[in-house]
Each structure stands twice: as structure tokens, then as C-alpha cells.
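We number each residue from 1, following the sequence as shown.
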Amino acid sequence: MRNHLIVAALMAAVVTPVAAQAQGYTTGVSRGAVVVDEDAGIAVEQRPAFREYVIRERVPNYAIPDRVVVGTVLPETGVTYYDVPQTFGATPYRYTVVNGETVLVEPRTRRIVQVIE
């Protein structure tokens with residue numbers, strides 16, 4: 001019995017940190033799980049200024065029949081993607097406006113990775 005308790009304690013000590021590190025940030029998932037690296041997107045404190053920037057730029061709105069959620073893949077044609085200015089942090093993503101929502105998109109896959117609220 002004592003050996004089982006020692007083994008259980010050792011397993012908990014090893015498995016718990018690994019499980020915690022493996023967890024990513026997942027939100028509004030559509031069509032499978034999507035893990036988002038929040039550090040690569042627009043930081044929370046930068047979002048109001050970024051929304052104002054997008055409004056000033058008069059970015060056209062693209063309408064889709066689906067809800068705008070992280071994980072949605074946008075169509076190949078009809079959507080224009082824009083570079084995120086360096087003042088909002090370095091990011092590999094592009095932005096656009098879909099159904100009135102500003103979103104960050106992974107340019108290769110056209111998958112929404114962040115909805116800027």
C-alpha cells in the first residue's frame with residue numbers, strides 16, 4: 001500500500017506540470033479545436049486602440065453566413081487581409097473585418113485566430 005502511495009505522489013508531481021504546460025488558450029471553437037497563442041495576437045490593453053485604428057482605416061466589411069468565431073476558415077476569394085501595424089506588436093497574422101467584427105487571420109490557412117472585442 002505504501003509503495004502505491006509513493007508511486008501516486010510521484011506521478012502527480014510529474015504529470016501535473018506537464019499537463020498545465022500543454023494547455024493552450026481555446027475559445028469560440030468551430031470545426032475542431034484551435035489553440036491560440038495569445039502572445040501572437042493583439043494584447044488586451046491594445047484592443048480598443050486597434051479597433052479605433054481599423055475604423056479610421058475604413059476597412060470594408062466582408063459578410064459570411066456563419067458566426068464569427070475562432071477557428072472559422074474564411075473563403076479563398078472576396079476577403080482582403082491587411083498587415084497589423086508594428087505599433088500594435090509584432091504578429092504573424094493579418095486582420096480583416098467580418099460581419100462587423102475585427103478578426104486576426106492566419107494568412108496561409110485563412111483561419112480566424114482572434115476576434116478583437
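Follow the hydrophobic side-chain contacts under 4.5 Å out from Y81 and you reach I64 in the same cluster.
Legend: residues meeting side chain to side chain donor-acceptor pair (under 3.5 Å) with T109, ordered by chain and number and at least two apart, are E106. Checked against side chain to side chain contact (heavy atoms under 4.5 Å, CB included), P85 has the following partners two or more places apart in sequence or in another chain: F50, Y53, T87, F88. Checked against ring pair (Phe, Tyr, Trp, His ring centres under 6.0 Å), Y82 has the following partners two or more places apart in sequence or in another chain: Y95.
Of the possible donor and acceptor atoms, one in the side chain of R47 sits under 3.5 Å from a partner among the backbone N and O of I42. Using modelled atom types, no side-chain atom of D66 and backbone atom of L74 make a donor-acceptor pair closer than 3.5 Å. Within the 3.5 Å criterion, the main-chain N or O of G71 finds a donor-acceptor partner in the side chain of R111.
Note: T102 OG1 to I55 CD1 = 7.0 Å, rounded to the nearest 0.5 Å. In this structure, the separation between CD on E117 and CZ on R51 is 8.5 Å, given to the nearest 0.5 Å.
Side-chain contact check for V69 versus I112: every heavy-atom pair is 4.5 Å or farther apart. Using a 4.5 Å heavy-atom cutoff, the side chains of V103 and T72 are not in contact.
Applying the side-chain hydrogen bond (donor to acceptor under 3.5 Å, both in side chains) test to residues at least two apart or on different chains, none of the pairs has a partner in residues 54-63. Residues in residues 71-85 take part in these salt bridge (Lys or Arg N to Asp or Glu O under 4.0 Å) pairs, two or more places apart or across chains: D83-R94.
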